[in-house]
Structure formats: C-alpha cells, structure tokens
Amino acid sequence: MKKTVLLVAGFISIMAFAGCSKNESQKTDSKIELTLNYYKQENLDGLKNIISEFEKENPNIFIQLCHNEGDEQNMALADEGLLYDILQMQSYARVFEYASRGLLMDLTNRPFMNKVLPSSLSAVHWNGKNYGIPMDYAGIGIIYNKDIFAKYGLTPPSTYAEMQTVCNQLKARGVVPFSPLLGENWSMGHIITMIHTALLKEKGISSDDFILRMNAGKGSYGQVNTAKLFGILDFYGKNISPNPEKINGAEQQKIFANGKAAMMIQGLWAYMDCLKINPNLNAGFIPFPVYNDSKLNTFYSDVDSVFCVSSQSSKAKQEACVKFFEWLLTEKGQRLWMSQYKLIPPVKGVDVTSFGGPYVDLMKSVEEKGSMPWAFSQYPSAVFDGPCKDSSWNYMMKNVTASEVIRAIDKKWSEEVTN
C-alpha cells in the first residue's frame with residue numbers, strides 16, 4: 001500500500017493536514033484510516049515495513065505516516081480538533097505537556113501495559129495515569145572505533161583522566177579524537193545536559209530534586225561545578241574535527257564510520273546510520289567519563305520515544321490505535337521493532353543480543369552500574385529547545401561566555417514556570 005509523508009513548511013493549514021490523513025485510493029467503507037505522526041527519521045523504511053506487516057494481519061486498518069514538523073504546528077491542528085491519531089513523542093516533558101492539555105488518551109488500564117517494564121513508565125506517567133507506551137530505550141555516550149583503538153594499543157577510557165590521555169595519544173598519531181556535530185544545535189543540548197546531570201552527583205543532588213528546585217524557582221543551572229562543566233566542553237572543543245560548525249549529523253556519522261575520527265558523542269541511533277555507511281564498522285559504546293572514579297561514570301540512558309493516542313480521535317480510531325499497540329508488544333511485534341526499526345523496546349524479557357556490539361555494552365553497563373536519567377526530557381521544552389541547545393552551541397562557537405549560558409537557561413526556566 002502506498003504511504004505518503006506530509007512535509008509541511010510554515011504554518012499547517014487544514015487542507016495540508018487533510019492531504020496527510022486521507023488517501024482516497026485506499027478508502028473503503030470498512031477501512032479505518034489512522035495517521036501516525038513520527039519524528040524519528042533514522043530508519044523510516046523500517047517503520048514502514050513494521051506497519052506493512054501490521055496491515056497484512058489487520059486489513060481493515062490503514063496507517064499513514066506523517067512527519068512531525070514541531071509542536072507549534074501540532075497544536076494548531078489540535079486547536080482545530082484534528083490532531084494526528086498516533087503520536088510518536090519524546091518522553092517525559094513532551095508527554096506531560098500534551099496530557100496536561102487533555103490531548104492524550106489514558107492507557108493506564110489497558111492489559112498490554114502490563115508487558116512494559118515498570119521502571120520505564122515514569123516516561124509516560126502524569127497525574128496518576130499512563131498516557132503512552134515507551135518504545136525506545138536508548139543511551140547517549142561515546143561510540144568508539146574498536147579497530148582504531150586496537151591499532152594503537154589504546155584502552156577505551158573509563159575516567160576523565162584516561163580520556164584526556166587517549167585523546168592526546170590519538171592526536172600524536174594524527175587521528176582526530178571526536179567527530180563533532182556542530183552544524184546543528186541539538187547535539188550540544190544533549191552534551192551539556194549529560195555533563196550537567198553527571199555533575200549533580202558530586203553535589204549530592206538527584207536529577208529529580210534539581211528539576212523540582214528549578215520548577216519552584218529556587219534553583220539555578222549553576223548549582224553544579226560550572227568550572228568543571230565548561231572545562232569539559234572546552235576539552236571537547238579542542239579534540240574535534242576542524243570546521244565543526246559545518247558538520248551536520250550525516251557528516252558526523254560519515255567521518256566516524258569511515259575511520260576519520262576515533263570517537264563520537266552520540267546516541268545509539270547514530271550507530272545504525274553508521275553501519276549503513278560502513279557495514280564492517282567495529283564499534284563499542286562507553287559512558288562519557290566525567291569523573292576520575294570509573295564507578296561514577298554511567299550511561300546517560302532512558303526512554304527516548306513513546307507512542308501516544310490522541311484524545312481527539314474517534315472511539316473507533318482509538319480502538320484501532322490500541323490494536324496496533326497490542327500488536328507491537330507481541331513477540332512478533334517486538335522482534336520486528338528491533339530488527340526493522342533498530343530500537344530497544346523497554347518490555348519485560350526483551351533480548352538485545354542480536355543487536356551486538358554497542359547495544360550489549362549499554363545494557364551490560366546499565367545492569368552493572370546503573371544509569372543517569374535523561375534529565376533534559378523533564379526540562380520545560382522551551383528551555384531544552386532554546387537556551388540548552390542554542391546557548392551551549394554559541395559557547396562552543398565562542399559567541400557567549402559560560403556565565404551567559406547559565407543566565408540564559410535560568411532566565412528561560414523562570415519564565416516557563418511562572419507563566
């Protein structure tokens with residue numbers, strides 16, 4: 001079946017939405033047509049294959065894919081009562097925002113929710129209810145080229161001091177330590193929040209307590225050791241490819257996959273794209289080491305994306321969405337999700353050994369040492385999408401100072417919680 005992707009520029013109009021949600025060539029009196037709004041583009045073909053398998057087993061349901069163009073445009077649709085039926089969303093804050101506006105269907109008592117790992121439900125839990133299914137457990141850290149490390153007799157760093165030594169040894173051999181991603185700002189949002197969350201440990205502050213303090217107007221992003229925070233960013237900036245402001249995500253992966261840099265700070269989603277470039281890539285995955293005590297260095301890992309159902313959809317469409325979720329959480333659905341979409345579902349008894357390399361490294365480390373939650377997912381969206389990304393990127397470009405970054409984040413956070 002033909003599936004079309006809606007690409008929207010500027011503000012969404014109702015006619016544009018209609019072009020996405022309707023496919024007249026597929027329409028029959030008995031067919032239920034659903035729209036699935038996705039934002040993860042890393043393996044769109046895989047998602048299409050999964051949906052195709054579901055449609056084969058459920059010929060009365062047709063799912064049309066629509067690319068997410070941002071919350072502003074989604075809210076414009078919601079104002080017209082035309083929100084997409086299924087929403088692929090970032091976990092925590094994004095879910096909470098939509099749920100607080102009454103835009104999501106309560107899935108708490110649906111039997112399929114019993115298959116989800118209880119520890120992952122906080123990503124979709126708001127005001128005592130669960131508003132989605134977590135579908136993507138991921139980690140952010142350092143993906144490294146095992147062959148380059150072996151060639152020069154290097155051991156993957158487990159402490160900050162070891163990372164400094166490894167980078168010096170790589171540069172002495174003419175190897176760029178890190179392939180950067182500064183052609184886009186979002187990567188720096190992940191990096192600064194990862195380091196910041198790690199540095200909360202030495203202050204004895206949990207990420208939850210930090211969020212509560214900030215939301216109550218009693219905290220500051222400068223509660224951590226800011227000299228260490230920005231010192232690590234400076235170190236990163238001195239160990240990356242030249243002209244980093246010209247390197248976007250695709251170029252970062254190309255540089256790393258082709259062995260022109262030994263490491264990259266990224267999420268595991270980028271590893272799969274690297275394999276498309278170099279199927280023979282031999283990679284591993286380690287936590288970004290902030291401390292010189294290896295036990296304190298853990299992966300920045302959590303539920304990344306979830307699926308939710310619009311409360312604006314008709315009852316028939318909502319039940320069709322539920323049927324799709326039930327199917328996704330079957331053994332077959334999970335197997336296809338991992339083999340086709342290359343993501344790890346946080347489901348009881350899931351087996352990731354087929355993913356190999358970095359995925360095994362992630363799950364082994366999390367089992368042995370635990371992990372840091374993705375605190376950025378609990379920041380107000382405007383804070384993470386605004387100053388966390390923009391100001392940290394501008395810091396790397398030497399356009400702003402460290403104190404200006406802290407002030408920008410504090411100011412925006414204060415505005416968000418007082419409005």
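Sequence positions, counted from 1, serve as the residue numbers for this chain.
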Just checking, any donor-acceptor pair under 3.5 angstrom between side chains of Glu184 and Asn248? no
I need the Ile195 CD1 to Phe288 CZ distance, nearest 0.5 Å. 4.5 Å
Are Tyr160 and Phe235 close enough that their ring centres sit under 6.0 Å apart? yes
Output field: ring centroids Trp186/Tyr39 closer than 6.0 Å: no
Indicate whether the side chain of Ser371 and that of Tyr300 have a donor and an acceptor atom separated by less than 3.5 Å. no
Side-chain donor/acceptor of Asn58 to backbone N/O of Ile61, under 3.5 Å: no
Ring-plane angle category for Phe210 and Tyr221, please: parallel below 30°, perpendicular beyond 60°, tilted otherwise. perpendicular
Which heavy-atom pair separates Leu170 from Pro177 by the least distance, and what is that distance? CD1-CA, 4.0 Å
Check the pair Phe307 / Trp337 against ring pair (Phe, Tyr, Trp, His ring centres under 6.0 Å), numbers first and verdict last. CA-CA 13 Å; Phe307 276 139; Trp337 185 256; 5.7 Å; yes
Pairing donors with acceptors under 3.5 angstrom, does anything connect the side chains of Asp136 and Tyr341? no
Any donor-acceptor pair under 3.5 Å linking the side chain of Gln334 with the backbone of Leu329? yes
In short, Asn239 meets Val176 closest at the heavy-atom pair O-CG1, 4.5 Å
Is it the case that the side chain of Ser100 and the backbone of Phe96 share a donor-acceptor pair, with hydrogens and angles ignored and the cut-off at 3.5 Å? yes
For Ser313 and Asp85, which I'm curious about, is there any donor-acceptor pair between the side chains at under 3.5 Å? yes
Other residues, nucleotides, ligands: >12 heavy atoms within 6.0 Å of Lys254 NZ: no
Counting distance only, does the side-chain N/O of Asn130 pair as donor-acceptor with the main-chain N or O of Gly132 below 3.5 Å? no
Can you confirm whether more than 12 heavy atoms, excluding those of Asn243, are under 6.0 Å from its CG atom? yes
Can you find a heavy atom in the side chain of Val417 that is under 4.5 Å from one in the side chain of Trp413? yes
Min side-chain heavy-atom separation His196-Phe376 under 4.5 Å: no
Could you check if a side-chain atom of Leu212 sits within less than 4.5 angstrom of a side-chain atom of Lys218, using non-hydrogen atoms only? no
What is the distance from atom CE of Met264 to atom CD1 of Ile143, rounded to the nearest 0.5 Å? 4.0 Å
Residues Glu57, Lys332: salt bridge by 4.0 Å N-O rule: yes
Do Ser91 side-chain atoms and Val303 backbone N/O form a donor-acceptor pair below 3.5 Å? yes
Thr418 side chain vs Ser414 backbone, donor-acceptor pair below 3.5 Å: yes
Assess the side chains of Ser206 and Asp209: does a donor N or O sit below 3.5 Å from an acceptor N or O? yes
Neighbour count above 12 (heavy atom, 6.0 Å) for Lys246 NZ: no
Evaluate Tyr137 against Ser301 for side-chain hydrogen bond (donor to acceptor under 3.5 Å, both in side chains), listing each step before the verdict. CA-CA 7 Å; Tyr137 187 79; Ser301 58; 3.2 Å; yes
Looking at Glu326 and Arg110, does any basic side-chain N land under 4.0 Å from a carboxylate oxygen? no
From Phe178 atom CZ to Ile265 atom CD1, the distance as rounded to the nearest 0.5 Å: 5.0 Å
Can you find a heavy atom in the side chain of Leu36 that is under 4.5 Å from one in the side chain of Ile51? yes
CD/Gln64 to OH/Tyr84 distance, rounded to the nearest 0.5 angstrom? 10.5 Å
Identify whether the distance between the nearest side-chain nitrogen and carboxylate oxygen of Glu416 and Lys412 falls below 4.0 Å. yes
Can a donor-acceptor pair be found, under 3.5 Å and without considering hydrogens, that links the side chain of Lys342 to the backbone of Ser339? yes
Distance from Ile286 atom CD1 to Leu362 atom CG, nearest 0.5 Å? 12.5 Å
On a heavy-atom basis, the closest approach of Ser158 and Asn297 is O-ND2, 3.0 Å
Evaluate the side chain to side chain contact (heavy atoms under 4.5 Å, CB included) criterion for residues Ile50 and Trp327: first the C-alpha distance (whole Å), next the side-chain angles of each, then the deciding distance (0.1 Å), finally the verdict. CA-CA 10 Å; Ile50 291 167; Trp327 182 87; 3.7 Å; yes
State whether a side-chain donor-acceptor pair under 3.5 Å links Gln252 with Gln266. yes
Is Gln340 close to Arg335 at the side-chain level, that is, under 4.5 Å between some pair of heavy atoms? no
Can you tell me if Lys317 uses its side chain to pair, donor with acceptor, with the backbone of Ile32 under 3.5 Å? no
Ignoring hydrogens and geometry beyond distance, is a side-chain donor-acceptor pair present between Ser381 and Glu97 at under 3.5 Å? yes
Ignoring hydrogens and geometry, is there a side-chain-to-backbone donor-acceptor pair from Thr108 to Lys129 under 3.5 Å? no
Atom of Asn37, atom of Cys66 and distance for their closest heavy-atom approach: ND2-O, 3.0 Å
Looking at Trp374 versus Tyr92, is the centre-to-centre ring distance below 6.0 Å? no
Pair Met396-Glu245, side chain to side chain contact (heavy atoms under 4.5 Å, CB included): steps then yes or no: CA-CA 9 Å; Met396 298 299 291; Glu245 71 280 1; over 6 Å; no
Please say whether more than 12 non-hydrogen atoms of neighbouring residues, nucleotides or ligands are located less than 6.0 Å from NZ in Lys348. yes
Just checking, any donor-acceptor pair under 3.5 angstrom between side chains of Ser220 and Asp410? yes
Salt bridge present between Asp385 and Lys389 (N-O < 4.0 angstrom): yes
To the nearest 0.5 Å, atom OG1 of Thr197 lies from atom CD1 of Ile192 at 10.0 Å
Donor-acceptor check, side chain of Gln312 to backbone of Ala78, threshold 3.5 angstrom: yes or no? yes
What do you reckon, are the aromatic ring centroids of Phe285 and Tyr144 less than 6.0 Å apart? no
Checking Lys40 against Trp269: charged group under 6.0 Å from the ring centre and within 45 degrees of the axis? yes
I'd like to know whether Leu44 forms a side chain to side chain contact (heavy atoms under 4.5 Å, CB included) with Leu65, so could you lay out the CA-CA distance, the side-chain angles of the two residues, the decisive distance to 0.1 Å, and finally the verdict. CA-CA 9 Å; Leu44 179 57; Leu65 290 169; 3.9 Å; yes
Can Met263 and Asn145 be said to form a side chain to side chain contact (heavy atoms under 4.5 Å, CB included), step by step? CA-CA 6 Å; Met263 299 176 284; Asn145 187 312; over 6 Å; no
Correct closest heavy-atom pair for Leu343 and Met338 would be O-CG, 3.2 Å
Do you know the tightest heavy-atom contact between Ser187 and Leu181? CB-O, 3.6 Å
How far apart are the C-alpha atoms of Glu415 and Lys411, what are their side-chain angles, what is the distance that settles it, and do they pass the salt bridge (Lys or Arg N to Asp or Glu O under 4.0 Å) test? CA-CA 6 Å; Glu415 291 172 354; Lys411 181 176 183 292; 2.6 Å; yes
